[in-house]
Amino acid sequence: MRVENSFIGVDGVGEQTERSIWEQGVTHWDEFEPGVVGGKRGDRIQRFIEEGRDHLDAADVAYFDHQFPNSEQWRLYETFRDRACFFDIETTGLDEQRNQVTTVSLHQDGETETLVAGDDLTAGNLRAAFADADLLVTFNGKRFDVPFLEANFDIDLQRPHLDLMYTCKKIGLSGGLKQVEKDIGIERDRPDISGRDAVRLWREHESGRDGALETLVSYNREDTVNLRTLADEVTGSLHDDVFVR
DNA sequence: CAAGGAGTCCTCTGAGTGTA
DNA sequence: TACACTCAGAGGACTCCTTG
């Protein structure tokens, strides 16, 4: 589903109205004709499409993020997939006030980058890494990764953010990232490692154990890269559930 | 182990729309 | 124009549940 297939978010257009528009054969902005709804709605949709085209040309993710209801944020993904930044952090615990960030991995434009505490994990490098990230994609990142990073570094991550935890819930997938991956058949190199192990691996690294950091980094990167497969799968599945063709 | 975003379910209001 | 009906959308109270 691309944003050009969407009419929801226009004032006065909800789930049912959009479905009725689709069922009348209008599934794309290009096919819209005001007659498929009443006069006022028709005008508003027309205006939305005109404005929308400009914002689409400008790759203005924030505009559509603002237009769509929260529960329909997943619709941003296909259109702005190539501007997405998948990311995941590891920390020494769950408390953003007391614990510290150990590694941050970002996957964008097909490349994966990892910043490591005590080495290159700095506010400046984070700002640079997130500079072109127009759409954040995480798992539980709204509640964990973003507030944690903002609490520990002078960085602003307020921007469109697709948190796959809620997207997964929409299609009945719950139970954490590892469980969800298992449910949809995403393979892992090291299925034995968990977030808690990430805490232990960092401590081992600090006490000088060879290989601990490498394991932690590869775990963090795998988490991050898997987010892309997950996003593809889940938004595809929602598309099939929702879209009328 | 900390902590709050988002979903669910509910009610209520009023705008928008089609019909007569 | 009057009317009935459908929805959208907001607000409140509650619950759920994940991250290292």
Side-chain angles (χ1 to χ4, degrees), chain A residues 6-21 23-24 34-46 48 65-74 86-105 114 116-117 121 136-152 157-158 160-183 190 192-206 212-213 215-217 219-224 226-227 230 238:
Chain A
S6 297
F7 301 98
I8 207 165
V10 176
D11 190 20
V13 179
E15 222 171 276
Q16 301 192 57
T17 305
E18 182 182 65
R19 169 160 288 265
S20 119
I21 295 171
E23 280 169 350
Q24 294 174 74
V36 296
V37 289
K40 297 217 173 184
R41 285 198 179 110
D43 290 347
R44 288 197 195 122
I45 293 173
Q46 200 70 66
F48 167 71
D65 184 45
H66 182 71
Q67 284 290 319
F68 293 159
N70 237 288
S71 57
E72 298 300 324
Q73 239 183 353
W74 62 275
F86 307 86
F87 85 98
D88 182 57
I89 70 173
E90 306 303 330
T91 70
T92 56
L94 296 174
D95 187 343
E96 66 188 39
Q97 301 302 326
R98 299 178 48 227
N99 300 117
Q100 57 154 325
V101 182
T102 57
T103 64
V104 179
S105 286
T114 303
V116 177
L121 179 56
L136 304 180
V137 182
T138 64
F139 193 91
N140 198 31
K142 287 188 176 177
R143 278 287 304 113
F144 186 73
D145 303 67
V146 163
F148 214 113
L149 278 181
E150 287 185 334
N152 284 272
L157 291 175
Q158 297 313 302
H161 181 166
L162 178 62
D163 189 326
L164 293 174
M165 185 175 84
Y166 303 108
T167 319
C168 286
K169 291 239 168 78
K170 275 178 90 72
I171 58 169
L173 292 171
S174 63
L177 180 60
K178 309 291 172 293
Q179 182 61 49
V180 167
E181 286 178 3
K182 203 184 266 180
D183 289 344
R190 295 290 303 269
D192 52 315
I193 300 182
S194 73
R196 290 181 111 98
D197 295 314
V199 180
R200 176 181 54 80
L201 285 163
W202 180 257
R203 279 200 225 103
E204 291 178 6
H205 161 65
E206 281 191 312
L213 180 62
T215 307
L216 172 61
V217 167
Y219 166 75
N220 183 209
R221 290 168 80 89
E222 193 168 33
D223 261 2
T224 305
N226 284 354
L227 290 176
L230 184 60
L238 267 169

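Predicted model, so just to flag it, every value in this text is computed and none were measured. Naming convention: chains lettered A, B, ... in sequence-line order (proteins, then strands); numbering from 1 in each chain.
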Response to the item:
Contact string for nucleotides 5-20 of chain B, one letter per nucleotide 5' to 3', B = base within protein heavy-atom range under 4.0 Å, S = sugar-phosphate only, - = neither, reads BS---------SS---
Donor-acceptor pair between [X] and [Y] side chains, under 3.5 angstrom:
X: T103(A); Y: T114(A); answer: no
X: N220(A); Y: S105(A); answer: yes
X: N226(A); Y: E222(A); answer: no
X: D88(A); Y: T224(A); answer: no
X: N152(A); Y: E96(A); answer: no
X: W74(A); Y: E72(A); answer: yes

Worksheet entry | Which atom of R41(A) lies closest to which atom of V13(A), heavy atoms considered | CD-CG2, 4.5 Å
Worksheet entry | Side chain proximity check, F139(A) to L227(A), heavy atoms < 4.5 angstrom | yes
Fill in: Residue pair L216(A) / H205(A), side-chain heavy-atom distance below 4.5 Å
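Contact flag for L216(A)/H205(A) side chains = no.
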Over all strands shown, is [X] touching base, sugar-phosphate only, or nothing at heavy-atom distances under 4.0 angstrom?
X: D88(A); result: sugar-phosphate
X: V10(A); result: sugar-phosphate
X: D43(A); result: nothing
X: F139(A); result: sugar-phosphate

Worksheet item: Does the distance from a Lys or Arg side-chain N to an Asp or Glu carboxylate O, for R200(A) and D197(A), drop under 4.0 Å?
Response: yes
Item to complete: Using heavy atoms and a sub-4.0 Å distance, could you list which residues of residues 89-101 of chain A are near DNA chain C? By number, please.
Response: I89(A), E90(A), T91(A), G93(A), L94(A)
Item to complete: Grab the CG-P distance between D145(A) and dG4(B) for me, whole Å please.
Response: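 The distance from CG of D145(A) to P of dG4(B) comes to 16 Å, rounded to the nearest Å.
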Response to the item:
DNA chain C: first to last nucleotide in contact with chain A (atom under 4.0 angstrom from a heavy atom), 5' to 3', is dC7(C) to dG20(C)
Worksheet item: Hey, mind stepping through R19(A) and E23(A) against salt bridge (Lys or Arg N to Asp or Glu O under 4.0 Å) and telling me if it holds?
Response: CA-CA 6 Å; R19(A) 169 160 288 265; E23(A) 280 169 350; 3.6 Å; yes
